[in-house]
Protein chains: 2
Amino acid sequence: MGDLLSDEARRAALVELPGWREADGGKAFTRTFTFRNFNEAFGFMTRAALVAEKNDHHPDWRNVYKTVEVNLSTHDAGGITARDVALAKKMNEIAARFGI
Amino acid sequence: MGDLLSDEARRAALVELPGWREADGGKAFTRTFTFRNFNEAFGFMTRAALVAEKNDHHPDWRNVYKTVEVNLSTHDAGGITARDVALAKKMNEIAARFGI
């Protein structure tokens with residue numbers, strides 16, 4: 001789980017991750033989720049936080065009212081690993097339950 | 001609650017708000033809270049989120065593992081109002097329960 005993804009593997013991963021794109025020169029994946037209100041935005045964060053804590057892999061994220069901007073990267077590895085892909089996928093699943 | 005604080009009133013408020021300082025040319029108050037781990041950082045955010053939602057006044061905040069960087073401003077008023085001071089005070093109270 002700790003290996004950096006190749007350029008090719010990152011691009012293949014993004015195809016399966018609607019809404020996400022590369023940031024920081026390919027060292028991070030980013031997505032901004034826009035919900036209906038703060039209740040939903042923080043509800044999303046709470047569910048994602050439990051997943052992050054369970055997997056011991058945490059997002060860099062910013063919340064402003066109904067938006068949540070997420071940046072994922074594996075700092076120990078210096079870029080994107082399978083752990084980021086897994087968390088991004090899980091976040092999309094959680095957001096989907098809010099109709100996002 | 002909707003009136004912009006004067007420069008003097010802002011400075012007086014900050015005296016009562018340890019850890020906070022002005023940002024954005026006096027249009028915001030900012031503080032970075034550093035906890036022991038993600039559990040505590042997100043626990044703090046959860047308690048603060050309930051207060052924010054109850055008062056219908058929400059922070060702009062970023063969480064990276066054990067840190068929470070908070071920016072408070074009343075956008076409708078274009079700067080700091082009593083609502084920001086109240087939320088900053090409440091956040092300090094919540095953080096204090098984590099020994100911060």
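The model shown is predicted, which means the values in this text are computed figures rather than measured ones. Order of the sequence lines sets the chain letters (A, B, ...), proteins ahead of strands, with each chain counted from 1.
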(Q) With rounding to the nearest 0.5 angstrom, report the CE to CH2 distance, Met45(A) to Trp61(B). (A) 7.0 Å

Q. Are Leu14(A) and Leu4(A) linked, directly or through other ILVMFWY residues, by side chains that come within less than 4.5 angstrom of each other?
A. no

(Q) Among Asp60(A), Val64(A), Asn39(A), which residue has the highest count of heavy-atom pairs closer than 4.5 Å to chain B? (A) Asp60(A)

Q: Give the C-alpha distance, both sets of side-chain angles, the deciding distance and a yes or no for side-chain contact (heavy atoms from CB on, under 4.5 Å) between Leu50(A) and Phe42(B).
A: CA-CA 10 Å; Leu50(A) 296 178; Phe42(B) 202 78; over 6 Å; no

Q) When rounded to the nearest 0.5 angstrom, what distance separates CD in Glu53(B) from CZ in Phe38(A)? A) 6.0 Å

Q. So what's closer than 4.5 Å to chain B heavy atoms on Asn71(A): side chain, backbone, both or neither?
A. neither

(Q) Heavy-atom cut-off 4.5 Å, strictly under: side chain, backbone, both or neither for Asn37(B) against chain A? (A) neither

